[in-house]
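Each remark here refers to the structure printed beneath this line.
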2 protein chains.
Amino acid sequence: MPLPHEILFKTLADPTRRAIFERLCREGDQTVGALTAHAGISQPAVSKHLGVLKRAGLVKDRHEGRLTHYRAELGALDPLVGWAKEMTGFWQNRFDDLEDLLKRMDQ
Amino acid sequence: MPLPHEILFKTLADPTRRAIFERLCREGDQTVGALTAHAGISQPAVSKHLGVLKRAGLVKDRHEGRLTHYRAELGALDPLVGWAKEMTGFWQNRFDDLEDLLKRMDQ
DNA sequence: TAAACCCATAGCCAGCGAGTTATTGAATTG
DNA sequence: CAATTCAATAACTCGCTGGCTATGGGTTTA
């Protein structure tokens with residue numbers, strides 16, 4: 001199975017999809033209809049995006065009669081931040097190594 | 001012009017490109033040849049990826065004779081983390097609003 | 001129960017982008 | 001200066017994906 005941040009990058013790369021996710025973050029629960037009204041694309045397109053977001057763990061759905069509500073799942077962003085911190089960490093380590101080297105050269 | 005995180009998501013969505021960036025983070029400076037040796041794709045493909053990473057501000061290049069060295073530019077990741085924090089912030093605000101509402105209902 | 005409504009799925013199409021090979025320019029080497 | 005090497009660009013192919021329309025399944029309303 002792919003690493004967590006893999007699917008997140010792919011999923012959030014699309015502007016429309018990211019806009020839907022942002023709206024869910026700002027406004028909380030939204031029905032597919034409400035999301036469609038603001039997305040500027042057709043309802044099936046919105047549903048497809050929601051499916052992708054759901055499989056990435058970024059949203060969860062809740063069925064209520066004939067309506068389907070979606071909400072953002074914020075913890076899902078953690079692997080993204082974690083990956084960024086990891087990259088920064090590598091840089092920091094290389095910097096530490098250089099410091100050690102200079103320290104040894106100094107002796 | 002696009003928001004900073006826009007181009008970052010698009011650029012880092014590709015696994016090959018992200019692998020190149022990760023390698024630059026772990027190993028520091030690398031020539032195009034060295035990167036190509038580990039990428040599993042042709043040199044022109046690597047050069048194209050490096051071009052995309054460069055336009056996103058994620059890497060910088062340095063010319064030294066006929067070699068070109070690339071290095072990661074870690075500060076470029078900040079808008080990504082910033083965006084994630086912003087999303088979390090929206091959620092927090094909505095939670096605060098709910099708290100206020102409950103508090104008012106309590107009185 | 002017929003009609004209207006909400007959402008998901010199916011099927012199709014067009015554009016984008018990641019890969020290729022071929023080539024060029026520039027720098028080093030013999 | 002000829003040959004070689006490094007990297008970028010050009011030109012092309014092809015698969016993926018985001019959009020659409022059409023339809024179906026489930027739910028509420030008249």
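Lettering of chains follows the sequences in order, A, B, ..., and the numbering in each one begins at 1. Note that these values count all heavy atoms, side chains included, but never hydrogens, waters or copies made by symmetry.
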Taken to the nearest 0.5 Å, the spacing of Q30(A) CD from L50(A) CG works out to 10.5 Å
Smallest heavy-atom separation, R18(A) atom then A13(A) atom, equals NH1-O, 3.6 Å
Here the pair of heavy atoms bringing I7(B) nearest to T11(B) is O-OG1, 2.7 Å
Residues 65-82 of chain B, side-chain donor-acceptor partners within the protein, below 3.5 Å, at least two apart:
{"residue": "T68(B)", "atom": "OG1", "partner": "H63(B)", "partner atom": "ND1", "Å": "3.3"}

In whole angstroms, the gap separating P of dC16(C) from CZ of R17(B) amounts to 16 Å
message = Within the 4.0 Å heavy-atom criterion, would you say T36(A) contacts the bases, only the backbone, or no part of the nucleic acid?
response = nothing
Could you tell me whether the side chain of F21(B) reaches within less than 4.5 Å of the side chain of M87(A), counting heavy atoms only? yes
Rounded to whole Å, NE2 of H69(A) lies from P of dA8(C) at a distance of 12 Å
Could you check whether T16(B) gets within reach of a base, just the sugar-phosphate, or nothing at all, counting any heavy atom under 4.0 Å? sugar-phosphate
Footprint ends on DNA chain D, 5' to 3', for atoms under 4.0 angstrom from a heavy atom of chain B, come out as dT4(D) to dT9(D)
Which donor-acceptor pairs under 3.5 Å do side chains of residues 54-62 of chain B form with protein atoms, sequence neighbours excluded?
{"residue": "K54(B)", "atom": "NZ", "partner": "D61(B)", "partner atom": "OD2", "Å": "2.9"}
{"residue": "R62(B)", "atom": "NH1", "partner": "D29(B)", "partner atom": "OD2", "Å": "2.2"}
{"residue": "R62(B)", "atom": "NH2", "partner": "E64(B)", "partner atom": "OE1", "Å": "2.8"}

Q) Can you find a heavy atom in the side chain of E86(A) that is under 4.5 Å from one in the side chain of E22(B)? A) no
| query | Quick one: are L8(A) and W83(A) in side-chain contact, heavy atoms under 4.5 Å? | reply | no
NZ of K10(A) to CZ of R17(A), rounded to nearest 0.5 Å, is 10.0 Å
Note: contacts of residues 40-53 of chain B with DNA chain C (heavy atom, under 4.0 Å) are I41(B), S42(B), P44(B), A45(B), K48(B), H49(B)
Sequence neighbours left out, cut at 3.5 Å: what donor-acceptor pairs do the side chains of residues 34-48 of chain B make with other protein atoms?
{"residue": "T36(B)", "atom": "OG1", "partner": "V32(B)", "partner atom": "O", "Å": "2.8"}
{"residue": "H38(B)", "atom": "ND1", "partner": "A34(B)", "partner atom": "O", "Å": "3.0"}
{"residue": "S42(B)", "atom": "OG", "partner": "A45(B)", "partner atom": "N", "Å": "3.4"}
{"residue": "Q43(B)", "atom": "NE2", "partner": "S47(B)", "partner atom": "OG", "Å": "3.1"}

For nucleotides 25-30 of chain C, 5' to 3', base contacts (B), sugar-phosphate-only contacts (S) and non-contacts (-) with protein non-hydrogen atoms under 4.0 Å give --BS--
